Student: 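Take this structure, written in C-alpha cells, and hold onto it; I'll ask about it next.
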Amino acid sequence: MPEIDGFEFIEQLRSEGRSIRAINFSADAREEERQAALTAGFQAYLTKPIEIAEPIKTIQIAAPN
C-alpha cells in the first residue's frame, strides 16, 4: 500500500474499534515476521511465492463460518 503498510492498517482499524479478518502476504519468510503479523491481528501469514491452492485454503480457514 502506498501510504501505510498492512500492520499500520490493521492497527488503525483496531484503534477505531473495527474488526477485520486479514491474511498477510509477504516475501519475508522469517519466523519473527510471521509472529509479528499474527500478534498484530492477522489470521494467517503466507510467504511468496505461493501455490495457488494455498491462499484459497487459508481464506476458507480464516473466513467466518
Side-chain angles (χ1 to χ4, degrees):
M1 296 187 311
E3 295 179 20
I4 62 173
D5 65 21
F7 287 90
E8 294 169 320
F9 181 65
I10 291 291
E11 183 179 320
Q12 181 180 354
L13 290 174
R14 300 257 194 273
S15 71
E16 295 171 359
R18 297 167 69 188
S19 178
I20 185 171
R21 294 190 173 271
I23 298 170
N24 186 293
F25 285 89
S26 177
D28 192 337
R30 293 179 299 156
E31 178 60 22
E32 51 270 17
E33 286 299 314
R34 186 183 80 78
Q35 285 298 323
L38 297 176
T39 299
F42 288 92
Q43 278 64 48
Y45 186 81
L46 299 176
T47 56
K48 303 172 196 173
I50 58 172
E51 297 289 327
I52 192 65
E54 190 174 6
I56 294 168
K57 183 171 76 174
T58 303
I59 290 167
Q60 290 171 334
I61 292 168
N65 294 331

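Since this is a predicted model, take the numbers as computed values, not measurements.
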Student: Are Phe42 and Ile4 connected, step by step, through hydrophobic side chains (Ile, Leu, Val, Met, Phe, Trp, Tyr) whose heavy atoms are closer than 4.5 Å?
Tutor: yes
Student: State, yes or no, whether a side-chain contact exists between Pro55 and Ile50 at a heavy-atom distance under 4.5 Å.
Tutor: yes
Student: Within a radius of less than 6.0 Å around CD of Glu8, do more than 12 heavy atoms belonging to other residues, nucleotides or ligands occur?
Tutor: yes
Student: Working to the nearest 0.5 Å, report the span between CD1 of Ile23 and CD1 of Ile59.
Tutor: 5.0 Å
Student: To the nearest 0.5 angstrom, please state how far the OG atom of Ser19 sits from the CD1 atom of Ile10.
Tutor: 9.0 Å
Student: Report yes or no: does Glu16 contribute a side-chain atom to a donor-acceptor pair with the main-chain N or O of Leu13 at less than 3.5 Å?
Tutor: no
Student: Does Arg34 come within less than 4.0 Å of Glu31, counting only side-chain N to carboxylate O?
Tutor: yes
Student: Does the side chain of Thr39 reach to within under 4.5 Å of the side chain of Phe7, using non-hydrogen atoms?
Tutor: no
Student: On a heavy-atom basis, which atom in Ala29 and which in Thr47 lie closest, and how many Å separate them?
Tutor: CA-CG2, 3.6 Å
Student: Nearest 0.5 angstrom please: Gln60 CD to Lys57 NZ, how far?
Tutor: 9.5 Å
Student: Ignoring hydrogens, what is the shortest heavy-atom contact between Asp28 and Glu33? Give both atom names and the distance.
Tutor: OD2-CG, 3.0 Å
Student: So, for Gln43 and Gly41, which heavy atoms are closest and what is the spacing to 0.1 Å?
Tutor: NE2-O, 3.2 Å
